[in-house]
Amino acid sequence: MFLRREGCVMSAAEEKARGRPRSFDEEVLLAKVADLFWKHGYENLSLSGIAQAVGLPRASLYNAFKSKENLFLEALQVYKSRSAHRLFATLEDSDRVRPVLYQIFADHCRVLPSQEKRQGCLVLNAISELITADTFLGEAIREMCLQETEMVIRFIERAKRQGELPLEADPTMTAHLMMSFEFGLSSFSKNGMPESQLRQMCHVFLKNLGFSREADA
């Protein structure tokens with residue numbers, strides 16, 4: 001974990017060495033915090049409100065993360081590590097991209113409608129809410145979005161090399177289309193679209209990109 005300190009970057013290990021050992025499990029805490037941001041959004045929560053919700057003194061959160069910005073970014077990383085996109089990390093050099101994409105979208109279609117409050121995707125919500133802000137947090141979200149796009153571009157290029165997409169496919173445009181589609185998928189899920197219809201949308205979308213599912217058989 002890296003924290004922002006008046007223009008410098010400090011690792012979590014360095015920060016911990018400067019103070020008392022923490023009295024909480026960081027990953028468990030960040031998962032709870034991610035759920036709070038997921039349900040309520042970034043602007044609707046304060047550090048004091050988060051501390052109360054997770055049962056910790058505000059000072060404990062402040063000593064560990066120094067700001068709501070840092071806490072949000074750390075929680076967002078935990079959320080991402082558990083999201084469907086984690087499946088990209090499971091790809092071996094010889095694996096095809098197409099089955100993983102279908103699995104990623106299947107996971108989206110399963111998880112999004114199952115939420116009690118239909119809150120969509122935390123990452124996409126964060127991009128919509130914060131990326132336009134001219135702040136440290138807005139810049140961090142923009143950088144995260146760029147990194148995500150670059151990762152998808154690499155896998156689209158790989159799919160072309162492996163013959164899963166036509167040679168004329170544009171990796172950058174395809175990646176942008178995929179991310180735009182995920183925004184739409186999240187929005188439709190918030191509006192109450194059932195899993196079956198979300199799945200149908202994803203199958204048509206991937207097939208139109210050139211990822212025909214029949215080719216996996």
Side-chain angles (χ1 to χ4, degrees), residues 34-35 37-39 41 76-132 141-217:
D35 283 339
F37 281 121
W38 197 5
K39 291 176 182 177
L76 195 60
Q77 290 302 320
V78 169
Y79 173 87
K80 286 180 61 181
S81 72
R82 300 179 178 185
S83 72
H85 277 215
R86 74 190 185 281
L87 296 173
F88 276 128
T90 68
L91 275 170
E92 301 291 340
D93 290 341
S94 59
D95 291 342
R96 291 190 296 176
V97 175
R98 181 191 298 110
V100 175
L101 284 177
Y102 271 93
Q103 185 59 56
I104 286 173
F105 279 104
D107 280 6
H108 284 325
C109 295
R110 175 180 56 81
V111 172
L112 292 174
S114 68
Q115 303 158 354
E116 182 181 352
K117 294 187 176 182
R118 292 273 184 160
Q119 61 261 34
C121 170
L122 176 59
V123 174
L124 299 180
N125 292 347
I127 292 172
S128 297
E129 183 180 6
L130 302 168
I131 199 170
T132 57
I141 297 296
R142 277 191 290 273
E143 180 62 28
M144 182 195 70
C145 189
L146 287 173
Q147 291 176 359
E148 192 81 4
T149 302
E150 289 169 359
M151 179 189 69
V152 175
I153 289 172
R154 290 196 298 272
F155 283 105
I156 297 300
E157 290 172 341
R158 176 174 170 173
K160 284 183 62 177
R161 291 194 301 270
Q162 296 179 162
E164 300 175 85
L165 282 177
L167 292 177
E168 62 270 18
D170 183 322
T172 300
M173 183 58 65
T174 302
H176 288 161
L177 285 171
M178 287 184 63
M179 296 192 72
S180 297
F181 180 80
E182 287 192 81
F183 270 105
L185 198 68
S186 179
S187 296
F188 275 112
S189 74
K190 290 180 181 180
N191 290 333
M193 182 172 283
E195 178 180 353
S196 59
Q197 290 186 33
L198 292 174
R199 281 179 177 270
Q200 186 176 5
M201 285 174 58
C202 291
H203 290 172
V204 171
F205 173 71
L206 290 172
K207 185 175 182 180
N208 286 342
L209 286 181
F211 289 107
S212 175
R213 186 156 191 170
E214 289 75 12
D216 292 333

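Index from 1, following the sequence.
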Checklist entry - Does CG in L146 sit with more than 12 non-hydrogen atoms of other residues, nucleotides or ligands closer than 6.0 Å? => result yes
Item to check | Partner set under side-chain hydrogen bond (donor to acceptor under 3.5 Å, both in side chains) for E143, not counting sequence neighbours | outcome: Q147
Checklist entry - Please, which pairs that meet ring pair (Phe, Tyr, Trp, His ring centres under 6.0 Å) have at least one residue in residues 148-169, sequence neighbours excluded? => result F88-F155
Checklist entry - Taking atom CZ of R98 and atom NZ of K207, what is their separation to the nearest 0.5 Å? => result 12.0 Å
Checklist outcome for this item: Heavy atoms of W38 and G120 approach each other most closely as NE1-O, 2.6 Å
Checklist entry - Which word best sums up how the rings of F205 and F181 line up, parallel for under 30°, tilted for 30 to 60°, or perpendicular for over 60°? => result parallel
Item to check | All pairs passing side chain to side chain donor-acceptor pair (under 3.5 Å) where residues 169-188 contributes a residue, at least two apart | outcome: H85-E182, H108-E182
Item to check | Trace of the side chain to side chain contact (heavy atoms under 4.5 Å, CB included) decision for M178 with I156 | outcome: CA-CA 10 Å; M178 287 184 63; I156 297 300; 3.8 Å; yes
Item to check | Partners meeting side-chain hydrogen bond (donor to acceptor under 3.5 Å, both in side chains) with Q77 (sequence neighbours left out) | outcome: none
Checklist entry - M144 and V123: side chain to side chain contact (heavy atoms under 4.5 Å, CB included), yes or no, with the steps? => result CA-CA 9 Å; M144 182 195 70; V123 174; 3.7 Å; yes
Checklist entry - Can you name the side-chain hydrogen bond (donor to acceptor under 3.5 Å, both in side chains) partners of Q200, sequence neighbours left out? => result none
Next on the checklist: Do M201 and C109 have side chains that approach each other closer than 4.5 Å (heavy atoms only, starting at C-beta)?
Outcome noted: no
Checklist entry - If every non-hydrogen atom of A84 is compared with every non-hydrogen atom of D107, which pair is closest and at what distance? => result CB-CB, 3.7 Å
Item to check | Shortest non-hydrogen contact between Y79 and L122, atoms and distance | outcome: OH-N, 3.3 Å
Item to check | Exam field: side chain R199 to backbone S196, donor-acceptor pair closer than 3.5 Å | outcome: no
Checklist outcome for this item: Residue set satisfying side-chain hydrogen bond (donor to acceptor under 3.5 Å, both in side chains) with K190, at least two apart, ordered chain then number -> N125
Next on the checklist: Is the shortest side-chain heavy-atom distance between L198 and P113 below 4.5 Å?
Outcome noted: yes
Next on the checklist: Between D95 and R158, does the side chain to side chain contact (heavy atoms under 4.5 Å, CB included) criterion hold? Intermediate values first, please.
Outcome noted: CA-CA 10 Å; D95 291 342; R158 176 174 170 173; 4.1 Å; yes
Checklist outcome for this item: Residues L165 and L209: closest non-hydrogen pair is CD2-O, 3.3 Å
Item to check | Short side-chain to backbone donor-acceptor contact, R118 and S189, under 3.5 Å | outcome: yes
Checklist entry - If we only count heavy atoms from C-beta on, is the L185 to L124 side-chain gap below 4.5 Å? => result no
Next on the checklist: Determine whether a donor-acceptor pair (N or O, by modelled atom type, separation under 3.5 Å) exists between the side chain of Y102 and the backbone of F211.
Outcome noted: yes
Checklist entry - If only atom types and distance count, is the side chain of E129 paired as donor or acceptor with the main-chain N or O of G41 below 3.5 Å? => result no
Checklist entry - Given E148 and M151, is the side chain to side chain contact (heavy atoms under 4.5 Å, CB included) satisfied, shown in steps? => result CA-CA 5 Å; E148 192 81 4; M151 179 189 69; 3.7 Å; yes
Item to check | Heavy-atom closest contact (C145 atom, I131 atom, distance) | outcome: CB-CD1, 4.3 Å
Checklist outcome for this item: Smallest heavy-atom separation, A175 atom then I153 atom, equals CB-CG1, 3.5 Å
